[in-house]
Amino acid sequence: MDYDADGILDFISGSYDPGDVYLFRGQGQGKYAAVEKLLDEAGVPIAHHPKELAEFNALPANVDRGSNEAIQLRVASFGSWVTPVDWENDGDLDLLIGSFGGQLFRRVNEGTRARPVYASESLPVEADGKPLKVNSHCDPVATDWDGDGLWDLVVGVADGSVGWFRNEGTAEKPRLGAWRELIPAKSDNKFLAQYLEADEVPAPAVRAQICVVDYDGDGLSDILLGDYSDVHRLRDLSEQERADFAGLRAAEAALTKKGDRKGLGVLAEKKKDYLADEEGKRTSHVWFYRRLPRASGSTSGPSAQASTRAVPPSKSEGPIELRTELTRSSAGHLTLSVCFEIAPGWHLYADLPKDSGLRRVEVRPTWPEGVTATDEGSPPESVVSLQDPRTRIYEDSVSWDWSLKLAPGAAGSTIAIDVTYQACNESGCLPPQKRTLKVTLPDASRSDDRPRRDG
């Protein structure tokens, strides 16, 4: 798109972390200048939640950026999908910014087309008389979908669906109608596993990233859709094995609906017997959805047809509370514990596929001289993820425990514990966290030491 009306195409992009908006100015002949971060009139990076992002960026250097309060400020603006649009037919381009959570926001251009100046306020966009909201990953494209001379919105969604919000207002006062489905959802969320024969082509999947363009030159706007899925290849199965595997898949769907993690774990192990590649592969494809002409008498506009889904917790409650504890039994044995308290709806990862791109929990103490751990600090029990049976997670409260033996002179020394984890919910994940906890050891010879608890 020509961002600054100089006759040369530019490139504009949102981002995941922290959701800033970037501009690559075109220089002609396919060349682009170095990236620019777009700022609003107050000099704050443009995002759909600017106040929270500005507060995070203004935190003093001595504030813990890994604290729950800081994390909530940071993740509020995560995930941005941007489309420029002349919202009020005044000749300049405002910015529409879709969010990770599925909402859509507008930044008003108070400058000109050639010299944009964006308002500091981020305004929620309404559709059908209420704030627009889709099932996560709101990817908007402003386009005249029905050919009536007014721009509409076509929106890609994390569940793989694409919808059309018709502009039922005027050029000066746009008013978006209700969601009209163009492409159906492929999953309830942004995860989808496909189990395919060796030569079978994957089907369209989730996390719809879209472009509206007349791809085949027939005068109608089509949809190009980028997607994501986990693809697993089946080994050469007999007819009976295929039937058995289909039964496992049906049972898996029923157990997922019931939330039966134990049952899903059992099925995950059984499914491995039918796979040629146990881990599978995370894949993305681009699909061409050809526009079909409007049926005679229809008032809903042309359709599309295929040619071949972080809600952060409140600021007062972070998703993870991390602490250490030292306790001594009546027999004098000393136990060190690293404890995670996990907020409802959130989880940590115990085990992941190799190519997941996510971080599992790691707890690594460094024992000072004179301190010996008499066990290995085995990880606590985990459960199978409802979203991916190959993945195991921790929920509620978990701890790593070590029994310690202290040599004379070890009292007063410090144990450093490196902890890495990533907190996620069904909508998305916070950034990976890495913290170093420090625990000072008491005098093992004293029997009156009470249990110690450190944050």
Heavy-atom donor-acceptor pair, [X] side chain to [Y] backbone, under 3.5 Å:
X: Ser284; Y: Tyr228; answer: no
X: Asp152; Y: Asn167; answer: yes
X: Ser99; Y: Leu104; answer: no
X: Gln194; Y: Pro202; answer: no

Original post:
Just how far is it from atom CD of Glu252 to atom CG of Leu386, taken to the nearest 0.5 Å?
Top reply: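 So the gap between those two atoms works out to 10.5 Å.
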**OP:** Calculate, to the nearest 0.5 Å, the distance between atoms CD1 and CD1 belonging to Ile183 and Ile210 respectively.
**Re:**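 If we round to the nearest 0.5 Å, Ile183:CD1 and Ile210:CD1 are 7.5 Å apart.
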I need the minimum non-hydrogen distance between [X] and [Y], along with the two atoms involved.
X: Leu220; Y: Asp218; value: N-OD1, 3.0 Å
X: Ala142; Y: Pro84; value: CB-O, 4.2 Å
X: Asp2; Y: Leu93; value: O-CD1, 4.3 Å
X: Ala350; Y: Arg360; value: O-CD, 3.7 Å
X: Ala127; Y: Leu132; value: CB-CD1, 3.9 Å
X: Gly19; Y: Ala47; value: O-CB, 3.8 Å

Heavy atoms from other residues, nucleotides or ligands near [atom1] of [X] exceed 12 (cutoff 6.0 Å):
X: Glu381; atom1: CD; answer: no
X: Arg235; atom1: CZ; answer: yes
X: Lys133; atom1: NZ; answer: yes

Heavy atoms, side chains only, cut-off 4.5 Å: are [X] and [Y] in contact?
X: Glu110; Y: Glu41; value: yes
X: Val162; Y: Val157; value: no
X: Asp40; Y: Arg107; value: yes
X: Tyr289; Y: Leu225; value: yes
X: Asp216; Y: Asp214; value: yes
X: Lys281; Y: His232; value: no
X: Ser385; Y: Arg392; value: no
X: Leu192; Y: Asp227; value: no

Subject >> Geometric cation-pi criterion Arg180 and Trp145, 6.0 Å radius, 45° cone >> reply: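 Relative to the ring axis of Trp145, which defines the angle, Arg180 lies outside at least one limit.
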Subject >> Over-ring placement of Arg106 relative to Tyr118, 6.0 Å and 45° cut-offs >> reply: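 Here Arg106 fails the 6.0 Å and 45° test against Tyr118.
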Quick test of your reading of the model: are [X] and [Y] salt-bridged, counting only N-O distances below 4.0 Å?
X: Arg25; Y: Asp4; result: yes
X: Glu168; Y: Lys173; result: no
X: Arg233; Y: Glu197; result: no

**OP:** Assert yes or no for the condition that the ring centre distance of Tyr215 to Phe288 is strictly below 6.0 Å.
**Re:**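 Between Phe288 and Tyr215, which both carry aromatic rings, the centre distance is below 6.0 Å.
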Original post:
Are Tyr32 and Phe24 near enough that their ring centres are under 6.0 Å apart?
Top reply: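 Not close enough - the centres of the two rings lie 6.0 Å or further apart.
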**OP:** For Ser337 and Asp401, run side chain to side chain donor-acceptor pair (under 3.5 Å): C-alpha distance rounded to whole Å, both residues' side-chain angles, the deciding distance at 0.1 Å, then the answer.
**Re:** CA-CA 4 Å; Ser337 300; Asp401 305 305; 2.5 Å; yes
**OP:** Decide side chain to side chain donor-acceptor pair (under 3.5 Å) for Asp159 and Ser187; before the verdict, give the C-alpha distance in whole Å, the side-chain angles of both, and the deciding distance to 0.1 Å.
**Re:** CA-CA 5 Å; Asp159 58 16; Ser187 172; over 6 Å; no
Subject >> Test log, rule ring-ring contact (aromatic ring centres under 6.0 Å, His included), inputs His48 and Phe100 >> reply: CA-CA 10 Å; His48 47 74; Phe100 191 91; 9.4 Å; no
**OP:** Could you give me the CA-CA distance, side-chain angles and deciding distance for Tyr195 and Lys271, then say whether side-chain contact (heavy atoms from CB on, under 4.5 Å) is met?
**Re:** CA-CA 10 Å; Tyr195 296 88; Lys271 283 193 302 182; 2.7 Å; yes
Original post:
Run the side-chain contact (heavy atoms from CB on, under 4.5 Å) check on Val155 and Trp81 step by step: do they pass?
Top reply: CA-CA 10 Å; Val155 178; Trp81 289 265; over 6 Å; no
Original post:
Only one of Tyr394, Tyr349, Tyr421 clears ring-ring contact (aromatic ring centres under 6.0 Å, His included) with Phe340; which?
Top reply: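 By the ring-ring contact (aromatic ring centres under 6.0 Å, His included) criterion, Phe340 pairs with just one of Tyr394, Tyr349, Tyr421: Tyr421.
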Original post:
Between Leu23 and Tyr3, is a side-chain contact (heavy atoms from CB on, under 4.5 Å) present by the stated rule, with each step listed?
Top reply: CA-CA 9 Å; Leu23 171 67; Tyr3 175 79; 3.5 Å; yes
**OP:** Give the ring-plane orientation class for Tyr274 versus Phe245, where under 30° counts as parallel, over 60° as perpendicular and anything between as tilted.
**Re:**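 Ring orientation of Tyr274 relative to Phe245: tilted.
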Subject >> Arg166 and Asp146: CA distance, side-chain angles, deciding distance, side-chain contact (heavy atoms from CB on, under 4.5 Å) verdict >> reply: CA-CA 8 Å; Arg166 183 172 183 266; Asp146 57 357; 2.6 Å; yes
